[in-house]
Amino acid sequence: MDIQRYHHDHAAIFRQISALRELSRAGVGENAARISELITGTASHIKFHLAAEDRVLYPVLARSGDAHVAAMSRRYQDEMQGIARAFAEFVARWRVPSRLMSDPEGFRRDANVVLRALFERLQRESVELYPAAEAA
């Protein structure tokens with residue numbers, strides 16, 4: 001299975017997370033508008049990435065004929081639902097510049113939790129799930 005698109009998506013999402021970290025370090029209040037735009041853009045990118053995984057990657061892996069790969073696929077898909085929910089809540093809360101300006105520490109705290117979970121998940125996909133998909 002060719003999964004270059006998924007690798008490309010991960011690279012773009014990693015860059016977006018890095019940019020959010022840099023803007024946060026430079027000052028949440030001062031960069032609230034840019035952070036808000038980046039949160040919205042990242043959410044859009046993740047939404048399309050997850051849809052592609054749900055419509056193509058997971059079904060292909062489920063039908064791979066390899067019980068280990070099929071189980072891994074189900075586990076990853078189930079786990080992502082919780083991460084996606086947490087990320088959607090993060091986006092809903094922090095996409096508004098005035099909220100960012102009124103609670104920069106709350107944003108940093110939430111971003112550290114949610115973006116770290118997303119980052120770690122994408123790394124695991126790159127190391128475990130995608131090599132399995134390429135071999136399937």
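Values in this document were obtained by computation on a predicted structure and should not be read as measured data.
- Here the side chain of D2 pairs a donor or acceptor atom with the backbone of Q4 at under 3.5 angstrom.
- Nearest heavy-atom pair across E53 and P59 is O-CD, 3.8 Å.
- Placement of L61 and V56 within a single hydrophobic cluster is found when ILVMFWY residues are connected by side-chain heavy-atom separations under 4.5 Å, directly or transitively.
- Of all non-hydrogen atoms in A19 and L38, the two that sit nearest each other are CB-CD2, 3.4 Å.
- Within the structure, ring-ring contact (aromatic ring centres under 6.0 Å, His included) contacts touching residues 19-43 (residues at least two apart or in different chains) do not occur.
- Residues Y130 and E125 bring a donor and an acceptor atom of their side chains to less than 3.5 Å of each other.
- No donor-acceptor pair closer than 3.5 Å links the side chain of S44 to the backbone N or O of G41.
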Inset, instruction - Run the numbers on L20 and Q16 for side-chain contact (heavy atoms from CB on, under 4.5 Å), then give the verdict. - result: CA-CA 6 Å; L20 282 167; Q16 291 168 316; 5.6 Å; no
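- Between the side chain of S18 and the main chain of R15, no donor-acceptor pair closer than 3.5 Å is present.
- Residues that satisfy the salt bridge (charged side-chain N to carboxylate O under 4.0 Å, His left out) test with R75, not counting sequence neighbours, are E128.
- Within a 6.0 Å radius of NE2 in H8, no more than 12 heavy atoms belonging to other residues, nucleotides or ligands are found.
- Residue pairs satisfying the ring-ring contact (aromatic ring centres under 6.0 Å, His included) criterion with at least one member in residues 102-121, sequence neighbours excluded, are listed as follows: F14-F119, F90-F107, W94-F107.
- Residues H49 and H10 form a side-chain contact, since some pair of their non-hydrogen atoms from C-beta on lies under 4.5 Å apart.
- The two residues S64 and A70 have their closest heavy-atom pair at OG-N, 4.4 Å.
- For P97 against A32, the heavy-atom pair with the smallest separation is O-CB, 3.7 Å.
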Inset, instruction - Determine, stepwise, if the pair S36 / L100 fulfils side-chain contact (heavy atoms from CB on, under 4.5 Å). - result: CA-CA 8 Å; S36 172; L100 291 160; 4.2 Å; yes
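- Atoms CG and CG, on L57 and L129 in that order, are 5.5 Å from each other to the nearest 0.5 Å.
- The backbone N or O of R34 sits nowhere less than 3.5 Å from a side-chain atom of N31 that would complete a donor-acceptor pair.
- G29 and M101 get closest at one heavy-atom pair: O-CG, 3.7 Å.
- Salt-bridge formation is not detected for the pair D78/R74: no Lys NZ or Arg NE/NH1/NH2 atom is positioned less than 4.0 Å from an Asp or Glu carboxylate oxygen.
- For the pair V28/D103, no side-chain contact is recorded, criterion being any heavy-atom separation below 4.5 Å from C-beta on.
- L122 is listed as a side-chain neighbour of I13, based on a closest heavy-atom distance under 4.5 Å.
- The minimum heavy-atom distance linking R108 with S24 is given by the pair NH2-O, 3.0 Å.
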